[in-house]
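Report on one structure; see the data block that follows.
As the structure is a computational prediction, the values presented were derived from the model and not from experiment. By convention in this document, chain letters (A, B, ...) are assigned in the order of the sequence lines, proteins followed by strands, and residues within each chain are numbered from 1.
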Number of protein chains: 2
Amino acid sequence: MRKGEETRTRILDVAEAAVLQKGFGGTSIEELIAETGITKSGFFYHFRDKNELAKALLNRYIQNDERIYDEIFSRARDLTDDPLQSFLLGLKLLSELLSDLPNGHPGCLVATVCYYERLFDREIQETNRNAVLAWRRRFGRMLRDIMEVYPPREPVNVDQLADMVSSVLEGGIVLSKTLKEPNTLAEQVLMLRTFVKMLFLPVAEMPRA
Amino acid sequence: MRKGEETRTRILDVAEAAVLQKGFGGTSIEELIAETGITKSGFFYHFRDKNELAKALLNRYIQNDERIYDEIFSRARDLTDDPLQSFLLGLKLLSELLSDLPNGHPGCLVATVCYYERLFDREIQETNRNAVLAWRRRFGRMLRDIMEVYPPREPVNVDQLADMVSSVLEGGIVLSKTLKEPNTLAEQVLMLRTFVKMLFLPVAEMPRA
DNA sequence: CAGAAAACTGTACTGCGGGTACAGGAGGGG
DNA sequence: CCCCTCCTGTACCCGCAGTACAGTTTTCTG
């Protein structure tokens, strides 16, 4: 009963690491059972097929992802009441968290699924889509709060600006992994922070006359 | 002799579409030969193994990618001498080109390879890394030209800013594909354009006193 | 137009991996 | 004591990557 959950979790842990390095198609069930020390029958007791595994993997990943953002931005909100300052602080905290990852970001499962769409059923694709929409809502909410206080210097669409956060994160992960420069991702988040700062913060100095 | 190149190209065309939809691991050689109407022996006449195919696929993709950027930004340079204006125009042209793709961007092979690293040899990983570094150099060159004329409003590292262009493109593709909203990618490029504009263009209006 | 080289086809085989089927066993809880 | 959860073991089918190699057609070249 308790043991079952534990084994399931272990399979998911091993599978997540493997999938992020080799993709779903490149990850064999045989290697997963070898590494978890389980038998093939044991594996299929927990997951009906690879699609079930992918579903469980993605759901767990998204849940954990949401938890991390919740923690970071609620911590930022605790430290300041100003919506802009707390968002900027949140991006700072996020960038610090990302640069503290010893081997760099392992990769995003949402992106992995995205580049694998045709292999999975509609349910997984919908789950993935909803994860991205949740990011849009999350960052959009914070940006709307900012806009109520600070008029943006340039006209921007809130959803598109919220998507920019996701874009830079997903793109930063790809760059960081490809370049094998773990810090690139954190730097990209800080670059985004500069953008947000510039967009909303009133101009401090006078323009050169 | 000429016929060989043609068949090879046809295989690469079919393979590229398949790989972008299902990843390398999810694409079988058997399905490629079925669609191209070739036999298995014919396939292995052109490519020693899947790794060879991946190598050819990636090299061709990168070359084409470079060609497109060359065209767009040289067209932009033809239209204006100002480095900032021509870069902003280039981003505009790029966004238009992307929003004209009927089914949205099919996906980036560099990202696919990135999420598949462990399946390929070092050579492919190096090729991929060099492709990203080429983007950094390309956009970095243009941004340096801009900085010689326009002092940035905030202190920024050129390479990081250049990487931001790649990040937004890669991330925008992931978002666009996942959301099944073809226009998201083009919008993200325009959002990036707003960022660059704000960073370099002198403030037009006075701040609210 | 001949001959060589290029561009294939056909067949037959190995071995791995996904997946199925099903029988049975250990261990804890009611 | 029995049942339920959580597995193990065995045996099998099929699709697919890759090998081997002999033979055939097409195409270029002298």
Original post:
Between the base of dG9(D) and the side chain of Lys40(A), is there a donor-acceptor distance below 3.5 Å?
Top reply: no
**OP:** May I ask you to decide whether Glu96(B) forms a salt bridge with Lys92(B), counting only side-chain N to carboxylate O separations under 4.0 Å?
**Re:** yes
Pairwise side-chain contact, [X] with [Y], heavy-atom cut-off 4.5 Å (strictly under):
X: Arg60(A); Y: Asp13(A); value: yes
X: Leu91(A); Y: Leu190(A); value: no
X: Thr36(B); Y: Thr7(B); value: no

**OP:** Indicate the ring-plane relationship of Phe73(A) and Phe87(A), choosing parallel, tilted or perpendicular according to the 30° and 60° boundaries.
**Re:** parallel
Subject >> Candidate pair Glu71(B) and Arg75(B), rule salt bridge (Lys or Arg N to Asp or Glu O under 4.0 Å), full reasoning >> reply: CA-CA 6 Å; Glu71(B) 279 176 22; Arg75(B) 195 140 60 90; over 6 Å; no
Original post:
Any side-chain N or O of Thr7(A) less than 4.0 Å from the OP1 or OP2 oxygen of dC7(D)?
Top reply: yes
**OP:** Applying side chain to side chain contact (heavy atoms under 4.5 Å, CB included), name anything that partners Leu79(B), two or more places apart in sequence or on another chain.
**Re:** Leu89(B)
Original post:
CG of Asp121(B) to CD of Glu52(B): how many Å apart, nearest 0.5 Å?
Top reply: 9.0 Å
Subject >> Nucleic acid contacts - residues 44-59 of chain B versus DNA chain C, non-hydrogen atoms under 4.0 Å >> reply: Tyr45(B), His46(B)
Subject >> Residues in contact with DNA chain D, drawn from residues 21-39 of chain A - heavy-atom cutoff 4.0 Å >> reply: Ile38(A), Thr39(A)
**OP:** Measure the distance from CZ on Phe43(A) to C1' on dT20(C) and round it to the nearest whole Å.
**Re:** 14 Å
